[in-house]
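Worth saying up front: this structure is predicted, and the values here are computed from it rather than measured.
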Amino acid sequence: SGRVTGVQTCALPISTLLVYGASAIPGAMETEPLQSSIEKLIEPYFQEQGVELVELAIKGSHRRRLLRVYVDRPEGITVDECAGLSRGLADILDTYDPIEGSYVLEVSSPGLDRPLKSDRDFQRALGKAVRMQVEGQGELLGTLSAAEGDGLTIQTDEELVTVARSQVLKANLHFEI
């Protein structure tokens with residue numbers, strides 16, 4: 001069973017790091033199925049807490065894995081909330097032990113430049129500044145004015161541009177200081 005060996009918090013992006021011990025599920029290191037099974041395992045907890053699972057990523061080697069979990073709420077999330085969620089998540093992961101070997105758990109906000117991936121992300125970003133890498137067009141920077149079906153419409157400084165979501169290589173909210 002896993003055990004906490006350290007905790008660290010930082011501000012941008014908001015994070016809480018916890019290091020855990022080993023588990024014993026053979027073959028659990030295959031990232032895609034493991035990621036999917038962890039999402040299914042933790043999603044009910046996040047729904048109960050009123051937060052959205054924005055993204056879950058498993059990085060690193062067999063000897064040193066990183067489980068990075070991005071969470072958010074419409075009104076944003078605080079460092080204390082991330083710390084509380086990481087403790088609750090740690091209890092769930094300790095109970096079901098889905099990850100073989102030791103790993104670091106990081107619970108974090110997606111930050112001001114959060115990635116846009118799902119329909120919900122794009123709907124939430126309507127009227128906000130976005131930066132997109134578009135296949136065949138390069139980078140687009142502007143205000144997202146529509147997100148319907150496979151089409152995204154961005155008002156740049158020069159023009160109104162519509163692109164297919166399938167052509168978007170990367171999209172993020174854009175924030176300038």
Side-chain angles (χ1 to χ4, degrees), residues 1-125 128 130-133 165-166 168-175:
S1 176
R3 70 179 180 88
V4 178
T5 59
V7 177
Q8 175 184 359
T9 61
C10 62
L12 280 177
I14 299 169
S15 300
T16 301
L17 299 178
L18 300 171
V19 181
Y20 291 91
S23 76
I25 296 179
M29 298 316 287
E30 297 149 1
T31 303
E32 289 283 324
L34 177 60
Q35 184 170 328
S36 178
S37 67
I38 291 172
E39 286 175 3
K40 288 176 187 165
L41 181 65
I42 65 178
E43 188 65 47
Y45 170 69
F46 287 146
Q47 286 177 357
E48 178 182 293
Q49 299 302 311
V51 297
E52 174 191 359
L53 174 61
V54 174
E55 185 177 5
L56 184 141
I58 301 168
K59 309 261 185 204
S61 67
H62 183 69
R63 289 189 292 155
R64 184 66 172 190
R65 284 246 186 249
L66 170 65
L67 174 59
R68 182 173 289 144
V69 181
Y70 291 103
V71 295
D72 206 2
R73 350 177 159 248
E75 65 276 8
I77 196 157
T78 68
V79 173
D80 288 342
E81 289 171 319
C82 284
L85 289 167
S86 69
R87 286 188 293 273
L89 186 54
D91 289 344
I92 292 167
L93 294 171
D94 282 348
T95 299
Y96 293 94
D97 224 6
I99 300 174
E100 185 177 296
S102 64
Y103 62 100
V104 174
L105 171 63
E106 178 182 307
V107 175
S108 180
S109 77
L112 297 173
D113 61 345
R114 74 179 288 159
L116 305 174
K117 295 181 178 185
S118 69
D119 290 339
R120 187 174 178 177
D121 292 338
F122 285 104
Q123 289 300 316
R124 189 180 297 131
K128 296 181 181 172
V130 296
R131 179 184 302 262
M132 293 184 191
Q133 292 294 327
R165 240 176 90 180
S166 57
V168 176
L169 304 172
K170 183 178 179 182
N172 294 77
L173 284 180
H174 179 67
F175 181 78

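Shown here are the side chain to side chain contact (heavy atoms under 4.5 Å, CB included) partners of Arg165, two or more places apart in sequence or in another chain: Asp119, Phe122, Asp150, Leu152. Residues meeting the side chain to side chain contact (heavy atoms under 4.5 Å, CB included) test with Ser118, sequence neighbours left out: Arg120, Asp121. Shown here are the side chain to side chain contact (heavy atoms under 4.5 Å, CB included) partners of Gln47, two or more places apart in sequence or in another chain: Glu43. Legend: residues meeting salt bridge (Lys or Arg N to Asp or Glu O under 4.0 Å) with Asp113, ordered by chain and number and at least two apart, are absent. Listed by chain and number, the residues in a salt bridge (Lys or Arg N to Asp or Glu O under 4.0 Å) with Lys59 amount to none (sequence neighbours excluded). Not counting sequence neighbours, Lys128 has no partner by the side chain to side chain donor-acceptor pair (under 3.5 Å) test. Taking the side chain to side chain donor-acceptor pair (under 3.5 Å) definition, one finds that Asp72 meets it with Arg114, sequence neighbours left out. For the side chain to side chain contact (heavy atoms under 4.5 Å, CB included) test, residues two or more places apart in sequence or in another chain that qualify with Leu41 are Ile92, Leu93, Tyr96, Pro98.
Expressed to the nearest 0.5 Å, how far OG of Ser108 lies from CG of Leu85 amounts to 11.5 Å. Rounded to the nearest 0.5 angstrom, Lys170 NZ and Gln133 CD are separated by 7.5 Å. Expressed to the nearest 0.5 Å, how far CZ of Phe46 lies from CD of Gln49 amounts to 9.0 Å.
Across Met132 and Ala171, no two heavy atoms sit closer than the pair CG-CB, 3.8 Å. Among all heavy-atom pairs drawn from Ala57 and Gln35, the shortest one is CA-OE1, 4.5 Å.
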Exercise. Given Leu53 and Val69, is the side chain to side chain contact (heavy atoms under 4.5 Å, CB included) satisfied, shown in steps?
Worked result: CA-CA 7 Å; Leu53 174 61; Val69 181; 3.6 Å; yes

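Using a 4.5 Å heavy-atom threshold, the side chains of Ile42 and Leu56 count as touching. No side-chain heavy atom of Cys82 sits less than 4.5 Å from a side-chain heavy atom of Val79. You'll find the side chain of Ile58 reaches within 4.5 Å of the side chain of Ile38, heavy atoms only. Between Val104 and Arg64 there is a side-chain heavy-atom pair separated by less than 4.5 Å.
With hydrogens and angles ignored, the 3.5 Å screen pairs a side-chain donor or acceptor of Arg65 with a backbone N or O of Gly60. Judged by distance alone, with hydrogens and angles left aside, the side-chain atoms of Ser36 form no donor-acceptor pair with the main-chain N or O of Pro33 at under 3.5 Å.
Residue Leu105 forms a side-chain contact (heavy atoms from CB on, under 4.5 Å) with just one option from Leu89, Leu66, Ile99, and that option is Leu89.
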